[in-house]
Amino acid sequence: MMNYRITLLPGDGIGPEIMAVAVDVLKVVGNQFNLNFEFQEAPIGGVAIDATGEPLPGQTLEMCRNSDAVLLAAIGGYKWDNLPRHQRPETGLLGLRAGLGLFANLRPAKILPQLIDASSLKRDIVEGVDIMVVRELTGGVYFGTPKGVFETETGEKRGVNTMAYTESEIDRIAKVGFETAQKRGGKLCSVDKANVLEVSQLWRDRVTLLAPEYPDVELSHLYVDNAAMQLVRWPKQFDTIVTGNLFGDILSDAAAMLTGSIGMLPSASLGASGPGVFEPVHGSAPDIAGQDKANPLAQVLSAAMMLRYALEQPVAADKIEKAVLEVLEQGYRTGDIMSEGMKQVGCKEMAEVLLKVLSV
Ligand code: NAD
């Protein structure tokens, strides 16, 4: 029997609904594969603000540090949108990433054959798309200083953020990019804005410098505006993309939509050592929270990624991923991925059919 301590961060909005499904799924595969999960739950985001005044209480971060992996749902909601920035739910998420040293965010965007028609692009453009976006997570314009809203000499306000990367920050994320490409299709596209930004020129130079260490990886470079265009024009040209925090934030959402639904996409955030955080790409979907409409599959697939990347239980991960494909094959769809002729279900019913498939 293997024992794992997992910190659960359900967060806000649909978070608790979809987290409950992932926990049930983990319990079932745990029994089947002799894995004992010790779950401990902690507040983050809006619920943490309500309880403690802070979006990331010290105790939550401590519990995360003392676990084998962290499973996060989502944070945020209208209620907290107008608080000062340091008290916003998003600040908790940034603090968690920084506190655990999670500098690499892996976001797969893979077209599932059962969901091709849910994509807004034509079938022949998206069929077979399988992209991994490796996004830098703890640097760039989200963290660079100076930052803030300052008053100029004329009394006018001026908002400032700073996009900055050091050589070592670029090198470590580029390495993750190259290594990820090695495990996949052997193609790495580095995305920057080197024609305008100095920070991007340094990025491009460092990535290019590392390339000879990975002779089995074919490296290319794209400016971010072109990359955005190419993603919707002919996404199959991409295998692995490596990029900075801001560009990765935007491009991974664009890549997500190729697959039809943001409700299907998991992600992993990894550091140099210590526990990783596994979470859906989507947010807390406050517009459908508490209505049993949420698609729990991205959360479930995040749990599968956790088994694969953090706990080294690939067989259990495979079982979950296959079960997800099977329920789609059987025609079950939540509203966000609904198409003609399919059977629309809510979050709870999706969980029931998934657990049934997993139990056999
Ligand atoms: P969102 O991803 O929450 O929602 C975008 C749209 O997709 C909404 O229409 C929503 O109903 C739908 N959607 C998302 N997940 C779904 C699911 N599992 N099943 C069915 N439909 C789903 O993004 P948003 O509306 O821009 O942001 C809402 C809140 O979430 C904000 O407070 C934002 O800050 C926060 N947010 C959090 C994270 C995170 O926790 N990592 C990420 C993005 C946004």
Side-chain angles (χ1 to χ4, degrees), residues 8-22 42-50 55-56 60 64 70-83 85 87-98 100 102 105-107 109 115 118 120 133 135 137 142 245-246 248-257 259-269 276-303 305 324 327-328 332-339 344-351 354:
L8 304 174
L9 306 176
D12 307 314
I14 60 169
E17 297 167 60
I18 58 176
M19 182 64 89
V21 181
I44 189 171
V47 287
I49 296 170
D50 288 351
L56 179 67
T60 294
C64 291
V70 178
L71 191 60
L72 168 69
I75 51 91
Y78 315 125
K79 184 178 168 188
W80 305 283
D81 276 352
N82 295 319
L83 288 172
R85 184 153 303 280
Q87 282 177 353
R88 293 242 194 109
E90 292 76 10
T91 306
L93 204 56
L94 298 180
L96 181 70
R97 289 170 182 167
L100 295 177
L102 306 174
N105 184 221
L106 272 58
R107 293 188 173 202
L115 294 183
S120 51
V133 180
R135 167 189 170 195
L137 208 55
Y142 291 1
N245 207 341
L246 173 64
D249 194 1
I250 298 165
L251 291 182
S252 57
D253 271 12
M257 273 324 289
T259 68
S261 172
I262 204 161
M264 291 299 303
L265 294 167
S267 76
S269 301
V277 173
F278 299 83
E279 60 179 309
V281 166
H282 62 72
S284 57
D287 53 333
I288 57 164
Q291 299 169 36
D292 193 31
K293 285 183 180 163
N295 182 350
L297 297 179
Q299 185 74 60
V300 168
L301 291 170
S302 301
M305 269 189 112
V324 167
V327 295
L328 295 174
Y332 294 100
R333 302 282 189 276
T334 43
D336 56 316
I337 50 173
M338 185 57 192
S339 61
Q344 188 162 346
V345 292
C347 183
K348 287 193 178 127
E349 197 177 343
M350 185 57 105
L354 185 62

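When a ligand or atom number is given, it counts from 1 through the structure's own listing order.
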Within the side chain of [X], is there an N or O that forms a donor-acceptor pair under 3.5 Å with the backbone of [Y]?
X    : Y    : result
D292 : C347 : yes
R88  : D81  : yes
T60  : L56  : no
S267 : E279 : yes
T91  : Q87  : no
D12  : V47  : yes

Is [X] close to ligand 1, meaning an N/O of one under 3.5 Å from an N/O of the other?
X    : answer
G263 : no
I75  : yes
S284 : yes

Review point. CG of L297 to CE of M350: how many Å apart, nearest 0.5 Å?
Key: 4.5 Å

Check your understanding: Looking at CE of M264 and CG of L301, how far apart are the two atoms once the value is rounded to the nearest 0.5 Å?
Key -> 5.5 Å

Point to revise | Any protein heavy atom < 4.0 Å from atom 5 (C) of ligand 1 | key: no

Practice item. Could you tell me whether atom 24 (P) of ligand 1 has at least one protein heavy atom nearer than 4.0 Å? Key: no

Review point. Between D50 and W80, does any side-chain donor sit less than 3.5 Å from a side-chain acceptor?
Key: yes

Check your understanding: Taking atom types as modelled, is there a side-chain donor on S269 or N105 under 3.5 Å from an acceptor on the other?
Key -> yes

Check your understanding: Would you say I14 contacts ligand 1, with heavy atoms under 4.0 Å as the rule?
Key -> yes

For [X], take its heavy atoms, then give the atoms of ligand 1 lying under 4.0 Å from any of them.
X    : answer
A294 : 19 (N)
A74  : 40 (O)
G76  : 32 (O)

Study note, to complete from the structure: The answer for which part of E279 has a heavy atom under 4.0 Å from ligand 1 is side chain

Exercise for review: Select the closest option to atom 8 (C) of ligand 1 among L93, D12, D287, judged by heavy-atom distance.
Suggested key: D287

Study note, to complete from the structure: Of S267, G283, G11, the residue with the heavy atom nearest atom 36 (N) of ligand 1 is G283

Quick test: of every protein heavy atom, which one is nearest to [atom], and how far off is it to 0.1 Å?
atom                    : result
atom 7 (O) of ligand 1  : I262 CG2, 3.9 Å
atom 21 (N) of ligand 1 : I288 CD1, 3.6 Å
atom 33 (C) of ligand 1 : E90 OE2, 3.7 Å
atom 3 (O) of ligand 1  : A285 N, 2.8 Å
atom 28 (C) of ligand 1 : P286 CD, 3.4 Å
atom 18 (N) of ligand 1 : N295 O, 3.0 Å
atom 32 (O) of ligand 1 : G77 N, 3.2 Å

Exercise for review: Under the side-chain contact (heavy atoms from CB on, under 4.5 Å) rule, what do L9 and I75 come out as? Steps first, then yes or no, please.
Suggested key: CA-CA 9 Å; L9 306 176; I75 51 91; over 6 Å; no

Review point. Should R333 and N295 count as side-chain neighbours, where that means a heavy-atom distance under 4.5 Å?
Key: no

